[in-house]
**Student:** 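Once you've had a glance at the structure underneath, I'll fire off some questions.
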Number of protein chains: 2
Amino acid sequence: MTTPPMSGRKAQAARNDELILQAARAVFTADPGAPIAAVAERAGVGISALYRRYPSKEDLLRKLCLDGLHLYIAVSEKALDDQGDPWEAFAGYMRGIVDADSSSLTIKLAGTFQPTPELGAAAVRASELATRIHARAVEAGVLRPDVTTADIALLFEQMASVKLGDDERTGQLRHRYLALLLDALRRPASHAALPGPAPEDAELSARWVP
Amino acid sequence: MTTPPMSGRKAQAARNDELILQAARAVFTADPGAPIAAVAERAGVGISALYRRYPSKEDLLRKLCLDGLHLYIAVSEKALDDQGDPWEAFAGYMRGIVDADSSSLTIKLAGTFQPTPELGAAAVRASELATRIHARAVEAGVLRPDVTTADIALLFEQMASVKLGDDERTGQLRHRYLALLLDALRRPASHAALPGPAPEDAELSARWVP
DNA sequence: CTGGAACGGAAAGCTACGTTCCGCTATAGT
DNA sequence: ACTATAGCGGAACGTAGCTTTCCGTTCCAG
């Protein structure tokens, strides 16, 4: 295996680094209000192993949120590189974001801690990429133009709200409803005009402040 | 006005009955974990006014949940009475349920208290009505047949997860996304096959037990 | 052999919530 | 006019659960 020598206190600690992050991601994704103890238990470590790495719960949450944004950004960049069929590129992007499942964490945790500059910068970058992907799909004529970038963000949140059974089942269902959604988004097709104005950026960003 | 004689201790109490229920509905819809004190404050009454009416928080929650189900049932029955255009009847039904906003309360509160037989009976009745409405739309050929009744229930939850700004704005946006959804549901149209099996009834009912 | 990094988990300290309780007010009945 | 009392506001109480600290233990590095 590619695993480094697994004995030694240092190696153990390095493995715990990853173990703790994975556990924290899983636990807080399932329940954003979960206690620290739940993370420790899931990771199979003591509470002190957590506090050795992060000064407080809030710091751990920030780390998780930042990781989520970076994953979001990575998926978006990959989608922008896709020079194939415009619709498939856009649909693949949406499937990728839904699989990344960073919306749940990023959105639900927003407002529970002070955003750092680094976090703000990542959010801006993510937003830029989303805008470009959206614009490209509209310009290619494959995406109905009365749906805005902000709409897409809210639609991601709706997909993230689907939760039923275990993680695998949940993912399966999210893709089921994403397929339904993509049917409605695709152009050309017969569409009714959407009622009400699209969300403003200000409305979305308002949730980032406690 | 149609308001009954507003003086007198009894009249005051009767008005508080309604005031408290309205406040509770609003508060718990916004945050299912809200404290009792928040309800009292919103209603403009003291805490004891609540405890005079309901023995415990759980009882209040049950009452709210039951009211929500009854509203759901009323909307469904009205939809079944609609003998006009099949698609419009179905679409009106969905708009009605989204406006009733009983999914948020009923679903989010499920599992936080012991269900009474009365509550169970209402849930069964609601489920029956939903099945009939769904079946009628499919038989009329206006609803894509690969979407099940359980799918519709989960889609209602997705609409209920939309929350942005005040109540009015939230309702506006829910209708925006419902319109998108209806586009995908309507038949005839060109649709891709949905991936994954539809949710089982057992999966849904599993969330009712703590 | 030993200093200390890393750890497990108990306990401290705190917050927030549900519920109770007490004193007050304004009516209804006489 | 008088009083018994239903209804009420909100302080007080008890508790559950959470974050954070702290201390004894283990095990590698030198």
Side-chain angles (χ1 to χ4, degrees), chain A residues 3-65 108-109 111-114 210, chain B residues 3-65 108-109 111-114 210:
Chain A
T3 39
M6 75 163 279
S7 122
R9 205 72 163 185
K10 285 231 172 108
Q12 163 82 265
R15 244 173 307 124
N16 277 355
D17 284 348
E18 193 51 37
L19 228 45
I20 285 173
L21 275 180
Q22 277 181 256
R25 197 155 37 233
V27 167
F28 288 128
T29 298
D31 173 17
I36 286 282
V39 176
E41 191 179 7
R42 167 122 186 187
V45 302
I47 294 179
S48 68
L50 287 179
Y51 276 89
R52 169 157 299 275
R53 291 166 174 79
Y54 305 94
S56 73
K57 182 184 190 179
E58 193 168 314
D59 285 274
L60 172 57
L61 255 27
R62 262 195 289 263
K63 165 69 168 163
L64 248 37
C65 201
K108 288 191 174 180
L109 262 41
T112 69
F113 50 70
Q114 298 286 349
Chain B
T3 40
M6 76 163 280
S7 120
R9 206 72 165 188
K10 286 234 173 102
Q12 163 81 267
R15 243 173 307 122
N16 277 356
D17 283 350
E18 193 51 36
L19 228 46
I20 285 173
L21 275 179
Q22 278 182 256
R25 200 156 32 236
V27 166
F28 288 127
T29 298
D31 172 16
I36 285 280
V39 176
E41 191 180 7
R42 167 116 186 193
V45 302
I47 293 178
S48 68
L50 287 180
Y51 275 88
R52 169 156 299 274
R53 291 166 174 79
Y54 305 96
S56 73
K57 183 184 191 180
E58 194 168 312
D59 285 275
L60 173 56
L61 254 28
R62 262 195 288 263
K63 164 72 168 161
L64 247 37
C65 201
K108 288 190 174 180
L109 262 43
T112 69
F113 51 68
Q114 297 286 350

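In the text below, chain A, chain B and the rest are named by the order of the sequence lines, each starting its count at 1.
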**Student:** Which atom pairs link the protein and nucleotides 18-21 of chain D when you take only N or O atoms and keep those under 3.5 Å?
**Tutor:**
{"from": "dT19(D)", "atom 1": "OP1", "to": "K57(A)", "atom 2": "NZ", "distance (Å)": "2.2"}
{"from": "dT19(D)", "atom 1": "OP2", "to": "I36(A)", "atom 2": "N", "distance (Å)": "2.7"}
{"from": "dT20(D)", "atom 1": "OP2", "to": "Y51(A)", "atom 2": "OH", "distance (Å)": "2.6"}
{"from": "dT20(D)", "atom 1": "OP2", "to": "K57(A)", "atom 2": "N", "distance (Å)": "3.0"}

**Student:** How long is the gap from OG1 on T112(B) to CD on E58(B), to the nearest 0.5 Å?
**Tutor:**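 The CD atom of E58(B) is 7.0 Å from OG1 of T112(B), to the nearest 0.5 Å.
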
**Student:** Sequence neighbours excluded, which residues qualify as side chain to side chain donor-acceptor pair (under 3.5 Å) partners of Q22(A)?
**Tutor:**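 Per chain and number, Q22(A) pairs via side chain to side chain donor-acceptor pair (under 3.5 Å) with no residue.
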
**Student:** Take the protein atom CZ of R15(A) and the nucleotide atom C1' of dC7(C), then report the distance between them rounded to whole Å.
**Tutor:**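 Atom-to-atom, R15(A) to dC7(C), this comes out as 14 Å.
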
**Student:** Check this one for me: any side-chain N or O of N16(B) less than 4.0 Å away from OP1 or OP2 of dG7(D)?
**Tutor:**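 Looking at the OP1 and OP2 atoms of dG7(D), neither is under 4.0 Å from any side-chain N or O of N16(B).
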
**Student:** Identify every side-chain donor-acceptor pair in residues 29-45 of chain B under 3.5 Å, counting partners at least two apart or on other chains, and give the distances.
**Tutor:**
{"from": "T29(B)", "atom 1": "OG1", "to": "R25(B)", "atom 2": "O", "distance (Å)": "2.5"}
{"from": "D31(B)", "atom 1": "OD1", "to": "G33(B)", "atom 2": "N", "distance (Å)": "3.0"}

**Student:** Taking side chain to side chain contact (heavy atoms under 4.5 Å, CB included) as the test, write out the residues that go with D17(B), two or more places apart.
**Tutor:**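 Scan of D17(B) (side chain to side chain contact (heavy atoms under 4.5 Å, CB included), adjacent residues dropped) gives R53(B).
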
**Student:** Distance check needed: dG7(D) P versus Y54(B) OH, whole Å only.
**Tutor:**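 My rounded result for the distance is 14 Å.
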
**Student:** side-chain contact (heavy atoms from CB on, under 4.5 Å) for D59(B) and K63(B)? Distances and angles first, verdict last.
**Tutor:** CA-CA 6 Å; D59(B) 285 275; K63(B) 164 72 168 161; over 6 Å; no

**Student:** What is the distance from CZ of R52(A) to P of dA5(C), rounded to the nearest Å?
**Tutor:**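 Roughly 8 Å, once rounded to whole Å.
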
**Student:** Does dC7(C) have OP1 or OP2 sitting under 4.0 Å from an N or O in the side chain of R53(A)?
**Tutor:**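 So the side-chain polar atoms of R53(A) do come within 4.0 Å of the phosphate oxygens OP1 or OP2 of dC7(C), strictly under.
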
**Student:** Could you give the CG-to-C1' distance, from L50(A) to dA6(C), as a whole number of Å?
**Tutor:**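 Rounded to the whole Å, the gap is 13 Å.
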
**Student:** What is the distance from CG of L61(B) to P of dC17(C), rounded to the nearest Å?
**Tutor:**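 Between P of dC17(C) and CG of L61(B): 15 Å.
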
**Student:** What residues, two or more places apart in sequence or in another chain, satisfy side chain to side chain contact (heavy atoms under 4.5 Å, CB included) together with S48(B)?
**Tutor:**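 For S48(B), no residue satisfies side chain to side chain contact (heavy atoms under 4.5 Å, CB included) once neighbours in sequence are set aside.
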
